[in-house]
Amino acid sequence: MTKKLFLLDAMALIYRAYYALIRSPRITTTGRNTNAQFGFTNTLFDLINKEKPTHLAVCFDTHAPTERHTDFSDYKANRQEAPEDLLASIPDIQRIIRGFNIPCVELDGYEADDVIGTLAWQAADAGYEVYMVTPDKDYGQLLIHPHVYIYRPPYMGSKEEILDAKKVCEKWDIARVEQVVDILGLMGDAVDNIPGIAGVGEKTAAKLLKEYDTLENVLENADNIKGALGEKVRKGKESAIISKKLATIITNVPVQFHEENFMLKEWNSKELIDVFTELEFKTLGKRILGETFNAFQSAPAGVQTDLFGNVVESAAPAPKAEVEEAAATGFQADKNINNTLHSYSLLDTPEKIKEFITVALQQTEICFDTETTNIDANEAQLVGLSFSFSPHEAYYIPCPANQQQTKAILALLNELFSQPQITWIGQNLKYDLLVLKWYNVELKGALYDTMLAHYVVEPEGRRSMDLLSAQYLGYEPVHIEELIGKKGKNQGNMRDVEIERVKDYAAEDADITLQLKQALHPLLKEKDVEKVFYEVENPLVKVLTDMEFEGITVDVDFLREYSKELEREAKQFEQNVFTAAGVPFNLSSPKQLGEILFERLKIDPKAKKTKTGQYATGEDVLLKLAANNPIVSDILGYRELTKLRSTYVEALPQLLNSKTGRVHTSYAQAVAVTGRLSSNNPNLQNIPIRTDRGREIRKAFIPRDEKHTLVSADYSQIELRIVAAISGDPNMCEAFKLGKDIHTATAAKVFGIKDEEVTKEQRYRAKGVNFGIIYGQSAFGLADNLGISRSEAKEIIDNYKKEFSGITRYMDSTINFAKENGYVQTLMGRKRWLRDINSSNFTVRGFAERNAINSPIQGTAADMIKMAMIRIHAAMQKEKLRSKMLLQVHDELVFDALIEELDVLKPLILENMKAALPLPNEVPVEAELGVGQNWLEAH
DNA sequence: TGAATCACG
DNA sequence: ACGTACGTGATTCAG
């Protein structure tokens with residue numbers, strides 16, 4: 001058997017693991033970030049399992065300076081300090097490596113690539129196949145030696161990749177691997193601060209080498225190179241020579257390859273168990289160490305769940321002697337069970353489907369998933385359905401392109417779907433429900449959406465099924481890209497993929513989702529978020545499905561006319577700006593605009609720059625300059641009109657559904673950390689209203705026909721009512737109870753006058769403070785926002801704090817709660833974790849503190865309207881109304897109302913909105929309702 | 001792909 | 001001394 005040596009570039013892999021999960025970091029209950037430890041361990045374990053190396057070593061860099069640093073002081077000079085979390089992970093990772101009984105190699109004065117290069121060549125000389133495990137392309141130069149390869153572990157959905165000399169040459173577009181150092185010398189490396197030749201990148205370097213073969217030859221012939229490139233090369237000669245030297249990996253480092261040291265040995269399980277327990281690697285620990293790992297786990301104390309997440313009696317922890325024995329022996333883990341032990345059946349005849357239905361009818365919980373032709377559920381055709389009710393077992397029913405046949409299959413399944421006692425489990429069920437609704441299929445039972453379970457357990461970060469599977473099951477499922485290719489114009493269609501492959505993919509999805517449900521289910525209780533999950537999020541799914549199915553009618557002719565008008569006016573503004581500037585330029589480019597305003601016209605000597613070094617030209621900046629510079633109002637005018645045109649007026653008519661001719665937005669139910677919905681494709685939650693020209697666009701949203709009219713109902717000052725209610729501040733509660741205008745009442749208190757004496761300006765300022773409170777604003781921010789002095793702002797805030805001391809108390813106690821518990825929560829128990837709340841960094845902590853104040857307010861409002869939607873939806877069904885709920889805009893609901901139903905519908909909406917979530921301290925909830933021939937009129 | 005800008009609550 | 005309001009999504013430019 002050939003001997004296979006794997007050499008791991010530790011730091012490169014650690015960095016990659018850390019940043020791969022940066023958007024949804026793994027945090028332990030004690031607040032440690034374990035991205036790097038998790039990712040590295042996963043990679044290492046998968047590698048051992050899959051590639052079956054006979055020999056293995058991990059190479060680290062040391063802190064000692066290398067020859068490269070002494071020769072060239074800028075080397076790696078602009079490399080940023082690694083994040084704290086990442087550095088803290090290194091000792092853990094070294095413990096893990098020790099646990100696997102793998103040697104760590106490091107040598108002062110040399111970098112990991114030098115050590116790896118030297119060992120690789122020695123081992124290859126000794127007859128090994130050597131794989132250097134790294135994402136770094138620079139290693140390509142070492143492939144001069146046959147039997148040495150680069151192994152790039154799987155990353156972010158792409159498969160692992162083994163690079164030989166030929167593949168490396170293809171990647172760089174060069175003829176021989178020897179040229180890797182030449183290309184690096186020419187182009188440099190921004191990460192390591194290797195300069196190369198200024199203005200020469202990868203493509204140019206490859207071109208030069210095609211002609212001149214080596215870097216030295218390029219430099220010798222510099223005088224023959226024409227044009228700007230020749231100039232660059234002549235200027236960069238010296239730099240190129242240094243760069244090549246820096247990029248050359250040293251292969252005669254004083255290390256010796258001794259094969260007995262690098263041989264894979266038995267693991268030190270005790271060490272591994274200790275580290276994994278400490279890092280809270282539950283599923284990963286189990287995957288690597290097998291069932292025995294559970295026996296060592298103390299938390300959660302002996303709780304295990306059965307197939308459907310019900311708590312069952314757990315086995316007693318293993319006796320001490322057994323523990324010692326297991327630790328002493330060491331043992332290899334089972335293979336990835338998902339790959340080997342599953343049974344996925346293809347149900348491609350009516351008989352098989354019927355047989356399946358008979359079994360499925362016995363179940364109370366079934367996991368299912370649809371395969372379709374389109375990511376837009378409203379345009380999708382069904383390609384197949386998969387089901388699972390037992391882990392590692394799943395069924396796939398293909399649906400032919402012939403829609404009649406597909407309907408016949410669905411007719412068979414309808415008996416199953418209409419069972420009221422079955423709970424349907426799925427990941428993002430709204431999608432599947434919507435696809436089925438277009439086939440007239442409706443699910444009668446309750447829903448259990450794993451995406452939403454994860455949302456309430458961990459509202460931040462992403463939750464694609466692939467990610468959840470990796471995180472909670474330690475298993476990487478088949479990626480959809482492997483079937484239909486990457487997103488883009490060449491993306492294929494699920495319909496064209498071989499049925500066997502779709503079966504494996506689809507069945508696995510249902511299987512994994514079922515397992516995910518089991519993994520997530522105990523966390524709902526652990527984190528105490530069951531209420532919001534069962535009473536708010538899951539029941540909302542069917543409501544949103546129906547809203548997305550309906551869509552809203554858009555008056556395209558009106559928009560076309562309006563577009564022309566906006567274009568005409570925008571041109572005029574643009575002309576005015578060009579005239580004032582004395583030169584035409586791209587007014588849509590903030591960069592060019594900044595240069596014109598602040599360098600050419602010099603309208604503000606104190607112009608501020610953004611963090612990227614450009615001039616800031618945002619609306620707030622420009623408004624301050626508007627008084628003295630007439631050009632500014634033309635710029636703002638242009639901005640307003642082009643924004644309206646490109647984002648709404650031109651975009652909306654492109655998004656009409658092919659079947660309905662209406663616009664169907666999609667609501668994201670698991671995106672906003674506070675619990676709000678968000679709307680996309682198109683976003684119908686940001687249709688203009690604040691300016692006259694913008695507001696016009698609302699006229700384009702109209703009822704579906706002459707028998708209908710639009711109804712809009714919105715909560716009045718809901719967030720401030722929630723502040724009053726949960727803070728219990730007597731003055732603010734009182735104002736609401738008396739039905740006062742809250743901003744006027746606030747102004748009266750703050751300025752010490754009667755309600756009737758409050759001026760417009762005073763009310764405006766009080767409104768500013770009220771909003772500031774909701775966001776945790778400072779005096780500076782208030783001053784900036786209201787355009788008043790800082791001292792004035794401070795006085796107002798001080799008065800506010802005195803008059804509404806309950807609110808100040810609430811803010812302080814909320815922050816304290818967050819500091820002690822690490823989270824804040826809404827009235828429905830929706831939580832947001834604030835891991836930075838105790839940070840020593842002022843800015844970071846400040847951000848967390850403002851979140852602590854704002855999230856319960858914004859989140860409670862979100863809970864309330866979601867519950868109102870569920871109630872209204874149910875009441876409309878009960879009354880058999882044919883009017884439809886169409887849109888939700890955070891505190892507003894829009895309906896297509898059958899005119900004859902208005903008398904029933906209006907009170908039904910208002911009463912359910914008000915009663916959806918009663919507030920403490922008897923603070924009343926008010927809602928208002930309007931009717932009109934378009935959205936503007938109704939609002 | 002990220003930054004800047006701006007639409008909404 | 002520092003930076004300064006919460007939550008979203010779409011469009012445009014530019015590297």
Side-chain angles (χ1 to χ4, degrees), chain A residues 190 201 459-460 585-594 608-623 635-636 638-652 654-655 665-668 671-691 693-695 697-698 714-715 717-720 723 768-786 790 793 797 824 832 841-859 861-862 865 887-892 935 939:
Chain A
E460 273 175 272
F585 61 100
N586 186 350
L587 189 42
S588 297
S589 161
K591 188 175 141 90
Q592 293 183 29
L593 175 64
K608 279 202 193 104
K609 294 204 172 175
T610 64
K611 60 186 168 191
T612 54
Q614 289 188 54
Y615 291 105
T617 67
E619 190 173 37
D620 50 336
V621 177
L622 294 187
L623 275 177
I635 296 168
L636 292 171
Y638 173 85
R639 285 242 176 107
E640 183 190 354
L641 301 190
T642 50
K643 175 84 175 184
L644 294 176
R645 215 166 84 89
S646 66
T647 309
Y648 306 101
V649 180
E650 287 289 298
L652 285 171
Q654 312 282 318
L655 291 161
T665 186
S666 173
Y667 288 101
V671 167
V673 276
T674 51
R676 276 188 175 182
L677 296 177
S678 85
S679 154
N680 59 48
N681 289 309
N683 183 352
L684 294 186
Q685 289 181 324
N686 71 347
I687 300 302
I689 193 163
R690 292 173 187 169
T691 66
R693 284 198 188 88
R695 201 174 299 138
I697 294 169
R698 296 203 165 213
D714 65 330
Y715 281 114
Q717 301 296 352
I718 190 59
E719 293 196 341
L720 281 174
V723 173
V769 186
N770 277 332
F771 273 94
I773 291 302
I774 295 174
Y775 302 144
Q777 182 184 37
S778 64
F780 183 98
L782 181 69
D784 193 53
N785 202 26
L786 292 179
R790 240 174 119 170
I797 289 180
V824 289
R832 177 170 184 179
N841 180 318
F842 178 93
T843 312
V844 169
R845 190 181 65 243
F847 192 65
E849 286 174 353
R850 294 195 295 274
N851 284 153
I853 293 169
N854 174 260
S855 296
I857 303 166
Q858 194 180 109
I865 195 164
L887 304 177
Q888 189 250 43
V889 193
H890 309 307
D891 65 354
E892 175 190 8
W935 194 359
H939 191 80

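Just so it is clear: chains get the letters A, B, ... in the order the sequence lines come, proteins before strands, and each one is counted from 1.
Contacts of A:Ile689 with the nucleic acid, taken as non-hydrogen atoms under 4.0 Å apart, involve only primed sugar atoms and P, OP1 or OP2. Among the heavy atoms of the strands, none lies under 4.0 Å from A:Ala861. Within 4.0 Å (heavy atoms only), A:Ile774 reaches no atom of the nucleic acid at all. Within 4.0 Å of A:Ala616, counting heavy atoms only, lie sugar-phosphate atoms of the nucleic acid but no base atom. Within 4.0 Å (heavy atoms only), A:Ser855 reaches no atom of the nucleic acid at all. Backbone-only contact: A:Gly618 has heavy atoms under 4.0 Å from sugar-phosphate atoms and none from a base.
In this model, the phosphate group of C:dG3 is not approached by any side-chain N or O of A:Thr843 to a distance below 4.0 Å at OP1 or OP2. Between C:dG7 and A:Asn686, no contact under 4.0 Å exists linking OP1 or OP2 to a side-chain N or O. OP1 or OP2 of C:dA14 lies within a sub-4.0 Å distance of a side-chain N or O belonging to A:Gln592. Side-chain N/O atoms of A:Ser589 include one lying less than 4.0 angstrom from OP1 or OP2 on C:dA14. Residue A:Thr612 places at least one side-chain N or O closer than 4.0 Å to OP1 or OP2 of B:dA4.
Stems are defined here as 3 or more consecutive Watson-Crick or G-U wobble pairs with pairing distances under 3.5 Å; those involving DNA chain C are B:1-9 with C:6-14.
If you measure from atom CG of A:Leu652 to atom C1' of B:dC8, you get 14 Å, rounded to the nearest angstrom. Rounding to whole angstrom units, CD1 of residue A:Ile718 and P of B:dC8 are separated by 21 Å. Rounded to whole angstrom, the span from the CG atom of A:Leu636 across to the P atom of B:dA7 amounts to 10 Å. Atom C1' of nucleotide C:dC2 and atom CZ of A:Arg845 are separated by 12 Å, given to the nearest angstrom. For A:Gln654 and C:dA10, the CD to P distance is 15 Å, given to the nearest whole Å. When rounded to the nearest whole Å, the span between CD1 of A:Ile797 and P of C:dT4 equals 16 Å. Per the geometry, OH belonging to A:Tyr667 stands 13 Å off P belonging to C:dG9, to the nearest Å. The separation between A:Asn680 atom CG and C:dG7 atom C1' is 15 Å, rounded to whole Å.
The P atoms of C:dG3 and B:dA4 are separated by 15 Å, rounded to the nearest whole Å. The separation of B:dC6 from C:dA1, taken at their P atoms, amounts to 33 Å, rounded to a whole angstrom. For the P atoms, the distance from B:dA3 to C:dT4 is 16 Å, rounded to whole Å.
When each of C:dC6, C:dC13, B:dA4 is scored by its nearest atom to the side-chain atoms of A:Asn586, the top-ranked nucleotide is C:dC13. Side chain of A:Ser588, nearest nucleotide from C:dA14, C:dG7, C:dT12: C:dT12. Ranking C:dA10, C:dT8, B:dG9 by closeness to the A:Ser678 side chain, first place goes to C:dT8. With distances taken from any side-chain atom of A:Arg676 to the nucleotides C:dG9, C:dG7, B:dA4, the minimum falls on C:dG7. Closest to the side chain of A:Asn683, out of B:dT5, C:dA10, C:dC6, is C:dA10. Of the candidate nucleotides B:dT5, B:dG9, C:dG9, C:dG9 has the atom nearest to the side chain of A:Val671. Closest to the side chain of A:Asn854, out of C:dC6, B:dA7, B:dT5, is C:dC6. Nearest nucleotide to the side chain of A:Phe847, out of B:dA7, C:dG7, B:dG9: C:dG7. Considering only side-chain atoms of A:Gln858, the nucleotide from C:dT8, B:dG9, C:dC13 that sits closest is B:dG9.
Under the rule for a side chain to side chain donor-acceptor pair (under 3.5 Å), A:Gln777 has no partner lying at least two apart in sequence or in another chain. Contacts of A:Tyr638 classified as side chain to side chain donor-acceptor pair (under 3.5 Å), with partners at least two apart in sequence or in another chain: A:Ser588. For A:Arg850, the side chain to side chain donor-acceptor pair (under 3.5 Å) test picks out no residue, with sequence neighbours left out.
The CD1 atom of A:Ile697 sits 8.0 Å away from the OG1 atom of A:Thr691 when rounded to the nearest 0.5 Å. We find the CG-OH distance between A:Asn683 and A:Tyr648 to be 7.0 Å, quoted to the nearest 0.5 Å. Note: A:Arg693 CZ to A:Arg695 CZ = 12.0 Å, rounded to the nearest 0.5 Å. Interatomic distance, CG of A:Leu593 versus CG of A:Leu587, reported as 6.0 Å (0.5 Å rounding). Taking CD of A:Gln685 as the reference point, atom CD of A:Glu892 lies at 10.0 Å (rounded to 0.5 Å). The distance from atom CG of A:Asn854 to atom OG1 of A:Thr674, rounded to the nearest 0.5 Å, is 7.5 Å.
Residue A:Arg790 is the one, among A:Arg832 and A:Arg790, whose nearest nucleotide of DNA chain C lies closer to the 5' end (criterion: closest heavy atom).
A:Glu619 contributes no side-chain N or O that forms a donor-acceptor pair with the base of B:dC6 under 3.5 Å. Between the side chain of A:Arg690 and the base of B:dG9, a donor-acceptor pair under 3.5 Å is found.
Remark: A:Lys643, A:Ser646, A:Thr647 in residues 638-650 of chain A come within less than 4.0 Å of DNA chain C through at least one heavy atom.
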Donor-acceptor list for residues 611-622 of chain A side chains, cut-off 3.5 Å, not counting sequence neighbours:
{"unit_1": "A:Thr612", "atom_1": "OG1", "unit_2": "A:Thr610", "atom_2": "OG1", "d": "3.1"}
{"unit_1": "A:Tyr615", "atom_1": "OH", "unit_2": "A:Glu599", "atom_2": "OE2", "d": "3.1"}
{"unit_1": "A:Thr617", "atom_1": "OG1", "unit_2": "A:Arg639", "atom_2": "NH2", "d": "2.9"}

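Judged by distance alone, the side chain of A:Ser679 and the main-chain N or O of A:Leu684 form a donor-acceptor pair under 3.5 Å.
Using a 4.0 Å cut-off between charged side-chain N and carboxylate O, A:Glu650 and A:Lys643 make no salt bridge.
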